[in-house]
Amino acid sequence: MAVFDTPQAAFGALRPVCVQLTRAQTMENVRQLQAHLAGVSGAALQELQEYVLFPLRFALRMPGPKQERLVQSLVQCISSVLAATCVKKQELLQELFSELCTCLAPPPSSGQAAPLSEELKLAVIQALHTLMHSAYGDVILSLYQPSSLPLLGFAVSLLLTLAEQEKAKQIKISALECLQVLVLQCDCQEHQHLDEDEEQQCGDLFASFLPGISIALSRVIAGDIKQGHKTTVSAIRLFYQIVGLVMADKQLARIPKSKEKLLVEHSRVSELMIHRGPDWTKSTAEKLSLLLHKVVESSSVHPHWKVRLELVELVHHLLRNCSQSLVDSFSHLLKALVGLVNDENSEVQSRCNTVLQEIAEQRIVAQNRALADVLSENLHSLATALPRLMNSQDDMGKVSTLSLLLGYLKLLGPKINIVLNSVSHLQRLSKALVQVLELDVTDVKIVEARRSEPPGPLQQGVQKGRCQKKYFRFFTEEKVFQLLQQVCRVLGYYGNLYLLVDHFMGLYSESGLYRKQAAMILNELVMGAAGVGVDFLQEREVPLNVDDLKGSVTSILDEYMDQANWYLVTSVDTEESSPEQSEQRLGLAVRAGGVSSDVLLLSSEPRVTTRTMNSNIWQICIQLEGVGCFAAVLGKEFQLLLLSALYPVLEKAGDRTLLISETALGTLADICEACGYSSVQCLINENSDYLVNGISLNLRQLEYQPRASQVLDTMLKNSDASLLPLVEDVIQDVLSALDQSYNNQASTFLRVLHSVMTALVQWFGVPSAEEHQQRQTDKGQSRTRSQGQWEVTITSQEVEQFFLDYVSQKKIAEGDLPHLEEEADEVSLAKPEPNSNTEGEAPMPSHAQLARDVMERCIHLLSDGSLRVRLKVLDVLELCVTVLHPHENHLLPMAHRVWPALVTRLISDDPLAVLRAFKVLCTLAQTCGDFLRQRFSRDVLPKLTSSLLSQAPVSARAGPVYSHTLAFKLQLAVLQGLGSLCERLDMGESDLNKVADACLIYLSAKQPVKLQEAAQSVFLHLMHVDPDSTWLLLSEVCCPEGYEPPHPSLRPVKLGGMGRPRNELTDNVLLLLQRLQQLECTGPRTSTQQASPS
Amino acid sequence: MALPPPDPQFVLRGTSAPVHALHFSCGGPEPDIPLLFSGSENGFIHVWNLKTHRVDTALDGHGRKSVYCVETMGGKDRLLSQGRDQRICLWDLAEGRTSVTDSVFTEHVGFCRCSLLKVAQGRWLMAMAARSVEEVQILELPSKTSVCTLKPEVGAKLGMPMCLKLWQVSCGSQPVLLAGYEDGSVVLWNVSMGKALSQLTCHQEPVMSLDFDSEKAKGISGSSEKVLSIWSLNEQQNLQVYKTHELVNAGISDITIRPDKKILATAGWDHRIRIFGWKKLKPLAVLDYHTATVHCVSFSDHSSPQHRLLAAGSKDQRISVWSIYAHT
């Protein structure tokens, strides 16, 4: 309702009220004035400012006691006038200021603040606040002359007392805000900026109040939490503002050496003035340091996040303005700041991070040696306490301790090297890290977990090498590990890599206790040095030198892959290595010298504890992970290191311990990615020459042979035929190594030979095998065709012709034409197969040559003492035969040489071996059927049938336990193998009869079920070879139906099995006959049973 | 107990033919990659990168006929090779080129390796067996002008030259040639005068290889027998037998004294490489790796001693590289 726009009108309206108030100082009158003021515009009021203020001031100055409520309303009225106008006269400002302050002044007698009402206090404070805002420029500066020092001091102490001692939050906060205005640090934007000189002047002035203000504020800050966070926040803000102003480095730098002489009239005042010389600065800083410590301590754990946020601001402000004057306090301040990085409140966190970032970017630390010293001192004490803290703290505590450590390192940035160059610092730090990173090696599972056999080829896309989850002794929280990782990486990023690598390599070789941790740290250091996954605040000064990195990596790799560190006892299996071998290994280690002394101790203990093995496994894994890291870091540059690194890694990929082999596979994947290979196969193929070199050299040492063969194994499984020339070369080495040590290493090498031959079959064998099958079926078909030709309609002539043919055939068979028989014998050997004709001349391809060489060794090993070996040999032999299939001219002589040993396997060996031997025979029979048929029926068959016959009654009588006996297994093996063999060998009739006779008794229901089934299988095979005679034989035993002769001139068919009572054989025979019937119906052949002679 | 002989540091595979000649080129400053040249029976010269242990290039210049001598002329960019196609080829390998710049037709059908001696910057003398039996011809390279032909006296019946070694006492002095002949004798020739200075019968069988240490004025030769013969050259330029060393197995196909004259290596028909101390011919090691006759041995010219290598090429198609006595 601004009705009075002009001063005249306003004057007219206000005059009566003012006069009234001057006459009688009552609340009523004040209220009236206030009411009228509301109707006057700002501009008009400005003109009448002093006029209106006069009665109010007059009333305040009235001597004698006054009503508190009157004073309050007077003050409120003044403040409303001031709010609408500005103070343009210095005198008015000073007078008003002092008058307002006097309102709060205690009665001169008591030292206490006047027991005034809270409303009054608040009103006065607000009036003061308004007053300060209504004065501008020079006017307000006039208040900050040395002459007004006492007045200011009075106001400051008043306000401080209020802030400290009042109960009401509102008053506290207002007092603090008012103080803030008073020290010219108001938050609002209206104030003009002070120039440097003015600031300097204010600084000088406020220096006098600093002790009082800071002590009082620190008490407020550390005060009861119940005072509310706002109070604390404003107190902190005021604290750092005043400290930042008075102790500003910029101002202190301009302080002249000696105190300026002030004008004479201010002599008393000048005593109050403080000269901020170096001495003063120093002592003040010391005192402030104590206060800051107190402030930091109480507010860094304050439950309200805004307080902690303000603390961050405090550190920020002081670091920016007073980094030199308050350097001693920064130990606390930085600790607080760094500690707050992991505050639970995200706002505090992010602010903290930006502040840190800013500090780093502005290189406050880097340019300030003293600050760096403070930080490194902090670091040192923290590192000293670290092991203890890690032992005693819970995981949360560890997180905060470690983030503190990390923060220091990050802040130090490039200055880290100052710390690292001091031996004691480095030692403390590294010991602490090593201690914290101690692994938990009690888990037995790690040692027990075995890779499932047999290892298949490495998967195409093995998942990228992810670090294995590790278990630590002193913590379980993943976050702790991540922090430790970051600590190491930051060290690597900024630190001198050579120095660090040297130091940790020293620890690595110093003791087995530190080895794993040191390796872990080294891996992270290298990652950090390359800048991989480092969370840093400022870029390092010197960019990474790739050659340095490569040099470090090479030396670490050499150490990792040193025999003493790479080949550790990880299992107690003696399967692969006999005791004498490990003795030899031990001997070698002795020779290797002192470096490996503690490893030696481990291996020389008669029994290696699980704990040691677990530890060893972890060490290998960590080293493998390291190799992966190095590859990732060096990228293509790692290619050169493959020469030495690939072989050991591949060796570990074939390790029996699950953890190791998995880690190694991960490493391989890392290497692939780093060097740009699309798959592990690709990696192995491209670098097979390096592998072959390693394999061949390792084969020369007896004790390394198992490992070398493992690598070869892996290599073969993951490569293709293009590798043949190299493989060939190394297989020669294997064979010669095998020749040197048939006794010890046979099983090791057989595994290799097995994989070699598997690979060869895979690379070369398949097409020829198919071709052969084709040939077989062709043969079969032509035979059936010749049999089935006259099958269309049966006339009596044809039947007659059949008999005539039969008789003449029989005569021939019985020896009527002796010269023919002789010829037949030779034909089987001499007559070359049509398609082997062409191959006879051509030189043997190298893979066949290889197969022949391997087969040669197999002959020797066939009679090895160990069943395992014999079984393996039989497997290898079968593969050799498969590879040699297309080269009959070479296969036959070999078969001839293998035969005697193979016969022994068939006749008198463990059932398992017998079964495998049958398999080999079957494979062999595919090509050399003719060659084998005779020998088989001469050398093997009689013994087999007679043993079957003699054993039959035993097994028929036996109880259920019998199936666990060797005899049973042997019977089973023979029965299982015999059928397919007969078929493959295309055996003659008399032999087939022998087989059938021997097996028939096993069709008895009295026999164990398994034997019955096996015997059935024999007959099923026999059906394929000669359905007719099988039918006859079976029907002789049991014949369910009668047969009508096709022609009345023939006698009725009378079979032995007709009309027989049901006996033990019946079930199986009927079953077989049924199968035979099915076979006849579905198969291409047609039955000839009607024509069979009775 | 003496240490067991070491294993090869690494083995180079992939020549796919017996290896007859080896030559290192490792003396270059740091960024240069150390190389090993190998000549094999299928006529290829392989350039091995000793950092990656792989073939950088394969040079084909002798019509698939056996290459039995490979030498560098100066740096690694100029190469000389001698093959059974009776040609000596000069190669330009700079900047990745692989071309034959020049060749000499020797008309000699034996196995005698030529010998190269640098006489001035960009000038070499080369001794090679010539067309007619018993003759040795000296050429200047790269101009290919014949310096002289060394012909034994009539009726000397030395047989074909088997091995040659050109040397001079110091730079700029008279070049001298040592030649081993089919009848087992070693002859010292004055190249500039073209006449024999001394003759010594060292062996009953043809001299297969010889090497000479001009500092100690002592040389060593091997033949198909079981004996190594060490001879010295006195001030009157006379060759004298200094001592002989009996071997277990007969047949030496190559002998090389290490450039620092401390040890020497022999390539044996018994598949073994033998290392001797050069001073007293003390047997130091028998390196057993190859599975066939070793054809050639060569020491590397690394500038720092601890990197020095020994390479041996064998009929088993492998080249074994050893690091032995590197620190002595």
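Order of the sequence lines sets the chain letters (A, B, ...), proteins ahead of strands, with each chain counted from 1.
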Between the side chain of K652(A) and the main-chain N/O of W566(A), is any donor-acceptor distance below 3.5 Å? yes

Pairs of heavy atoms under 4.5 Å with chain B: top-ranked of L726(A), D689(A), L642(A): D689(A)

Using heavy-atom distances under 4.5 Å, tell me whether L697(A) contacts chain B through its side chain, its backbone, both, or neither. both

Pick one of side chain, backbone, both or neither for D288(B), based on which atoms fall under 4.5 Å of a heavy atom in chain A. backbone

Atom NZ of K261(B): over 12 foreign heavy atoms under 6.0 Å: yes

Tell me, for D547(A) versus chain B, whether the close heavy atoms (under 4.5 Å) come from the side chain, the backbone, both or neither. neither

Of the listed residues (V11(B), D316(B), T291(B), L12(B)), which shares the most heavy-atom pairs with chain A below a 4.5 Å separation? V11(B)

Take the angle between the ring planes of Y289(B) and W322(B) and call it parallel below 30°, perpendicular above 60°, tilted in between. perpendicular

Do the numbers put R54(B) on top of the ring of Y690(A), so that NZ or CZ is under 6.0 Å from the six-membered ring centre and no more than 45° off the axis? yes

Looking at side-chain heavy atoms only, is the closest gap between T266(B) and V297(B) below 4.5 Å? no

